[in-house]
Structure formats: C-alpha cells, structure tokens
Amino acid sequence: MGLMGTGILKGLGVTLRHFIDTYAEDLKYLLNKSGAQQPRPLRRQSPKNRGLVTVEYPKERLPLPENFRYVPFLVFDTEKQEDKCTSCGICAKVCPPQCIWIVRTEDPVTKRPIPQPKEFYIDTTICMNCGYCAEFCPFDAIKMDHDYELSYYPHEQPHMRLVHDKAVLTKPDTYHASIHPSDWQRELADRAAEEEKKRAAAEAKAKAEAAKAAAPKPAQPAEQS
Amino acid sequence: MAEETKPAAPAAPAAKPAAAKPAAGHGATKAPPLAPMTPEMTELQQRFGESVLAPAPYVGLLLSDKSKLVEVATYLRDEMGYDSVTNLTAVDYIKDGYFEVVYHFQRSRGGEPFTLKLRVPRPQGNDLSEPVPSLTSVYAGAEFQEREVYDMFGIPFSNHPDLRRILLWEGFYGWPLRKDWKEAYYEGDTKPFESRWPGGHHQLAEERVPWADNVNYPLGFDPLNFHADPDAGLYDTMAEGVPGLAKRNGNGSTAPQPTGVGAAVSVFDRDRNNLADVDELQTDQIIVNMGPQHPSTHGVLRMVVKLDGETVTDLKLVLGYLHRNHEKIGERNTWLHNIPYTDRLDYICGLANEWGYVLTVEKMMGIKPPERAEYLRVLMAELTRIESHFWAIGFLLNDLGAFYTPALYFITERDLILDLFESVTGSRLMCNYFRFGGVSRDLTEAQLAHAKELAFERIPRKIDELEELLSENEIVKARTVGVGYLPAERSINYSLTGPCLRAAGVPYDIRRVEPYGIYDRFDFEIPVLYGADVYDRYRIRVMEMRQSLKIVQQCLQQMEQTKWGDIQTGKKNYNHRVPAGQAYGRVETPKGELGFYLVSDGGQNAYRYHVRSSSFINLTSLKEMTVGHKVADAVVILGSLDIVLGEVDR
Ligand code: SF4
Ligand code: SF4
C-alpha cells in the first residue's frame, strides 16, 4: 500500500478516463463520415466501443439478434394460402408452463381429425419465452416473435387479456422470413431437398414401372414357381 | 404479511382426479438394486454393525436406528474426514408409507459425497412425522437445511436450536412437498395436462379451477376471525437469553408487536438498574428489520438484526418472499420442461444452473454430449462466471456506498457478454441453452468473433481497470479488511461453498474436486486466499475471473478443431424417459456448489427434484460472520456472500 490516498486518486483517474472516453468516442464518429452514418445503437453495442453504452430507449432501440425470442406466433403459408400448423399437438406437450391450447378441426361428417387447427391459444401471461414450441414443431409452423412490447388496454380490446387467439397469432411467412432470414434460408433449403427427394423417388418409381412394363413376362413365371 | 395472505394453504384432498398418469409404480413391483459398497461404506458399516447400517437402494447406506444418527455423523466427521453436510433433503415415498431423509456428507479435501439415508414412517393426514435427531450439533450447516425439510415435509428435528418454518410463513397449513399436497389451481400430478390438446379451449386458471374447490382449511377454521402472527416465534428467539432485556408486553403475549416493516420496529426496554454500571454509554438494544424491501438486501430478503447501539448482537433471516415451490413444479414437469425453470433459480447465471441439472439427468441416462457441445458448455459457463463476478463486485461497491458509478463500469462488460448470450441462445438471462446430450445452438462466425474480441481484448482490460480502481483503494480496504471474518474450519462446518470458502483458504472447487465436463483438459488454477474476510472475498473473485478468462481463451482456441454444428448426441427428443434411480449431481456455479438430487421412477417426470442451492446454504453462516460488527458492515458482509434470492427461496 502506497501513500495514503494514492489508491483513491488512482480510482478517480479511472473515472476521469471514462469521462473523456465517452466524448472521444462520439467525436471520433462525428469526424468519421462513414461512421457517422452508422446508427448510434449499433455503434454503442459493438464490443469495440469504448465510450458510453446506453441508448435512449424508446427513441432508439438496440438491434435484435435473429435468435431473439419473445412470445411465439403461427406462420401462415402465403404461397399455399393455408396455416402451416397441422394441430399435431407437439408444441402443447413440450410447453413447460402449459400455456398452449389447441382445438383440432374435425370433419363434420366422419368426425375424423383434419390437420388444421380450429382454435389456437397462447396465454402470453404464462408463456416463459423458452422457445421449445418453435424448436420442436416438426412443420416449422410456430416461431418466436421479435415484438417485445406487448400491452393492451382492456377496455379497448376486452377479448385479448394477453391471451392470443389464432387470429392474433397468425402472421404471414414473409414476416417470418424478414425477422429470421437464416432460419428461413434453412427452411427453403430443407424444402428444396425434400422436393428433390420426392422428385427422385417419383422418377425412380416411374423408371421401375417403365422397366416392369417393358418386361412383364419373366416376372410372372418367377412368381408362380 | 400474514394479514393480507390468504389464510389457508391450498391442499385439496379431493381435487380433480389426477390426469390418468399415476406416478408409474414407484417402489412397487421390482425391488431396486442395492447400492454397491465403497471402502468408506464398508468402514462405517463395520464400525456400527450390519444391523444398523445396510446398503440402501441405488446409492448410500440406510441407517435403521435413527437414535444412532448423531453418533454416526460424529464418526463420519471426526474419523473419516467428512467435515460438512453438503446436502440434506427428504423424499416422500407415499406408496411405501415412509419418508426418507437423505444426507450427503462431503470431505473438504475432495472426492465424492457420502450418502446416508434414514426412514421415518409417514404420518396420517397433516400430522408431523416422528422426529429425527438434528445434526446441528455436529454440522452447523444443517441448520437451514433441516428447517427446510421440516417446512416442506413436516418432519421435525429434535434438538434443533430454532425449528421454525423457513421458506413459508409460520401458520401455513400443510406440507407442500408431500406427494399428497396439492397447490392452488392444481390440475394434474404431471405435465403435459390432458386438457390442452386436442380439445383445448383456453380458460384462465382462476375460472378453470375456482379457488374454493381447491383449498383445504384446517378443521374448524374460521377465516373471519383468523389472525396469524408469523413473527411472534421469530422475535421470541431473539429476546431469549440476553440479560437485562424484558419483554415489553409482558404476561402471556410473547414478543413486542412490530409496527411496520423496514424500519426500527420494536424496542426492548433495558433494565437500567442492572446495566447502569456495566457500560457508560447508554445504548439501547433494539431490533431492526432490514428489508424485505431494502436496496442492500439484493432482493426480497429480510434481515432482523438486534443492535446494541450500532453493533449487531444477533441476526435472524426471514426468507421465502420469492418462494414459488420450484421443487414441486419440478416434480410436475417432464424432464425437458424443467431446463428453462432452472434458469430462474439464480437468474444472474442461468447457464450454470442448467448445466447442473442437465449433468445430473445425463448421469442417470448414461449419455454424454459430443465434443463440440462440451466446449460450448465450458465457454458459456465460464463467461457466466465472469459476468456474475462483475455483477457481484459492482454491487459490493454499492453496498459500500459507491453508488452505481463503479457498478456500471463493470456492467458494461457484463452486458457485452449478455449480448453474446442473447444472439446465441435467444435470451440474455433465461437462456434455455442446454439440452440432454448437447446444447441447442452453435456459434456463428460473427458470434465467435464477438466472443474472441471479449475474451482477448475487452475483459482482460476491464479486469485490470477494476483492480486499479479498487484493490488498493483506501476506503475499500478500510471498510472490508478483517470484516466478516469466518475461519476455515467454521466455514466448512457451515457447508459454505464457492468463492467465500476459497477466500478462507480451502481449495474446494467442484471443477477439481469432482471434475465434470471437460475441465480436466484446461490449464487453470483454483485461487485460494487466507484472509476469510470481505476484502479477500472480493479479491478471490477477481482472481477467479482471470482464471475463467484463461479457460475461455483456451476453449476458443481448442474449439476450432471440433466439427461445427455437432452439438447433440442422438436425435432431438422431447419425450425423455430416465431410467429409475437416484443421482446427486453438482457443478461449481459462480456462487458455489449447485447440486441436484433427483429420483426417477422411470417415467417422464422426476419423482423427486431437489435443488441444493449454494446461496441458501451460504446464508446459514451470515449470523456468525456478522455478530460483533457494525450494522453498516452487515450490509457489506451480505454483499460479499453474493446471494441471489431466486436461488435462496426457490
Ligand atoms: S404449431 Fe407445430 S407443433 Fe404445434 S400443433 Fe401446430 S404443427 Fe404441431
Ligand atoms: S415459448 Fe415456451 S412457454 Fe411460450 S408457448 Fe412456446 S413452449 Fe410455451
């Protein structure tokens, strides 16, 4: 331990350095033309930034990473004009606080289930934003949203009460693609691979059939013997 | 507190019949395998005889004569070196009609814990069971743990110095971790609940299960005239045994009535005739409630301190303001459901908690994650340690009176680490990243670059700055050196773990004591200091951050040799079945030893899910650390323990 008080002075030096850094950083960006174009939140969140880190929410917002998860939404396939959800119920089973409620559609005559949800609710007051539903849905039909500012005026939307029904939950796949670009790319690739597989299978089948048609005779005696 | 609380505990004996799935035949058909004997078990058995100690199912020894318990524990401590009781809990085997109390004894020099079990018959209804001898005379660390078992199971401990409820309030009706206890809005014994699919019309819980259907009042209970005084017992214990103190409202009524919370509420009159010539400065003995709403208590914790002038002469803790019966929730959940709940234990370091739970379940399932996932786990857990220590040190300074400026300097780096967590896992704190046999996501190039920038540039610089700012600061030193001293033997006896224990000169770290994951591959040290005071608890955290950084750096380098995206063993699965058995698994979180004691009956859900929380058990020693210091130091000493109430109260 040095002279009494040197420790404190050193500490004050650290504070002073922070004070200067804050302005130095801003000055650097102001003088740097290209840097000045970069939005401040992005700049401030960078690990290279030495100055202040705070942003003025809600005027400014930190950019959200793609994986960011808030309450889920249902994806609507704009190409086929149908819900992607098949009401298989897996998300309702994996949901830890059990906040997903699904009513399956039934064929009015045969009473057989139709792969379309009739009703779909997520109680967002209970949802713990864990992301399991999106992770385990086999049809990429439910995804985690980025909209983290959920609030309603009960007198304006009395039916909502933060319980999202199917109408509120459903969002087009274009929205999903815009907030989850790389996940969307993966989905497209998966789909392409699937189609390719189907096509190959169909081709192989056609080929086999053609071969069968071409040589039906030798097969029959073999079968009979 | 009592007045507003709903006066009775929900405990419906005849609530809705459990949804189809009974707890799959526990303890029924096939006898479980007996524990294999270890040399330690043999030694103990030879000493006390086979009629007293026999191998228990799955693991440990079963003590058949509970009156021998203290003797056995003393032998374990004095002759065999098991110097702390690291975990103490109970299990309700309702079908077999007994409670099993489970003890895990630990050697501070390392090795696996020693498991001892004993059984008491299960009583009828809400009655208390037969008492079990308390171990507090042998192990001070048993105090809070026994109170918790009493609180949750209704198993009393004889000769316990202060047997009151600890997480629930005095006057609560029922024993929540018994298997026949049902919570409010009870829906089924285990998830997933049948009502959600395929015909699941949403209903709010309070509409679905009317409150009245679900509550069990004690016989003859009259809610209109109900008055509970949950603090009476507490103030009573503090008034006892101090010469010259008279209880203000004498005959019959116990202790003074508090008039408010958060201020000096009750004054004991001193018998001035007796003490006039003892000390010249006429200081009053008063009881002050610090908290539950108090900036120094790091959450909703209430410290009831008895002061003589400014000096603390006694201290009692009131816990449970954040109690949510995490363990019961864990028993309702499927194995997978429970991972995100562990994030909410110690919410500063969710990733470390997840590892503890996942590790224990993996132990029971006998699986291991692939290489890449092992590295990712270490990377995330060590970054968690760094951000947690930044937080702890920042807020220790708050407690010292340096309001927020220094804390914010450290939170900057912490936030950058959380940015990484957010972009990888999707959430800053509630990460839900670990899976059985792997992790949920790999790092992209950009995320790896961010991690490297932090590990090689920013964090080392910040730790240097932190030391420059604090380590030699005269005020910090004056306030912390020698404050909150607790010597090594006492710390061990109190089952203290984590940085606080290492600051008392005990090199006890689960990463070395019982290595898990791939920690044996890294070059790092377990720092040890010998001051056992607040200053060394601060310094040890700085040293640990440097070691963690070393691990992170090695991890980032070694990781390059593993295959990207290879992060999950087996297929992704949501429907895990864990073989019947029992396991105690533990990890070294930034706060200390986090253990999970799990019992599986082979089904989709844990039969028993117990969390050995380091924050909770570390608090046991707070009284001994604090008594004799000034009240302002009490705040700092609590800060040096670095507790998180989410984990304390569970
Ligand atoms: S969202 Fe996915 S998991 Fe859930 S019911 Fe629909 S298809 Fe099944
Ligand atoms: S995010 Fe988690 S809690 Fe929320 S609906 Fe999906 S599974 Fe349930």
A:Tyr23 atom OH, neighbour heavy-atom count above 12 within 6.0 Å: no
B:Arg441 side, atom CZ; A:Asn67 side, atom CG - distance, nearest 0.5 Å: 3.5 Å
Listed partners of A:His146 passing ring pair (Phe, Tyr, Trp, His ring centres under 6.0 Å), at least two apart: A:Phe68, A:His180
Proximal to chain B - members of residues 131-143 of chain A, heavy-atom separation under 4.5 Å: A:Tyr132, A:Glu135, A:Phe136
Greatest number of heavy atom pairs closer than 4.5 Å to chain A - which of B:Ser427, B:Ser440, B:Gly426: B:Gly426
Chain B contact residues among residues 91-100 of chain A, heavy-atom distance under 4.5 Å: A:Ala92, A:Lys93, A:Val94, A:Cys95, A:Pro96, A:Pro97, A:Gln98, A:Ile100
Residues 410-420 of chain B: residues contacting chain A (heavy atom under 4.5 Å, by number): B:Thr412, B:Leu416, B:Asp419
Structural part of B:Arg332 lying under 4.5 Å from a heavy atom of chain A: neither
Partner chain B: residue of A:Ile122, A:Thr54, A:Ile102 with the largest heavy-atom pair count (under 4.5 Å): A:Ile102
Region of B:Val424 in contact with chain A, defined by heavy-atom distances below 4.5 Å: backbone
B:Thr334 versus chain A, the contacting section by heavy-atom distance below 4.5 Å: neither
From B:Arg344 atom CZ to A:Met128 atom CE, the distance as rounded to the nearest 0.5 Å: 3.5 Å
When A:Lys10, A:Arg104, A:Met144, A:His18 are compared by non-hydrogen pairs under 4.5 Å with chain B, the top option: A:His18
Per-residue contact mode, B:Glu422 against chain A (heavy atom under 4.5 angstrom): both
Residue A:Lys118 excluded, over 12 heavy atoms near NZ under 6.0 Å: no
Chain B interface, residue from A:Leu12, A:Val14, A:Leu9, A:Leu62 that has the most non-hydrogen pairs under 4.5 Å: A:Val14
Chain B contact via A:Thr15 - which portion, at a heavy-atom distance below 4.5 Å: both
Segment of B:Lys462 engaging chain A (4.5 angstrom heavy-atom cut-off): side chain
A:Arg69 (side chain) donor-acceptor with B:Thr425 (main chain) under 3.5 angstrom: yes
Residues B:Ser195, A:Trp101; criterion side-chain contact (heavy atoms from CB on, under 4.5 Å); working and verdict: CA-CA 8 Å; B:Ser195 60; A:Trp101 307 67; 4.1 Å; yes
Residue A:Phe19 excluded, over 12 heavy atoms near CZ under 6.0 Å: no
A:Gln81 atom CD: more than 12 heavy-atom contacts under 6.0 Å: yes
Proximal component of B:Asn575, with respect to chain A [non-hydrogen, under 4.5 Å]: neither
Pairs of heavy atoms under 4.5 Å with chain A: top-ranked of B:Thr444, B:Asn338, B:Ile339, B:Asp343: B:Ile339
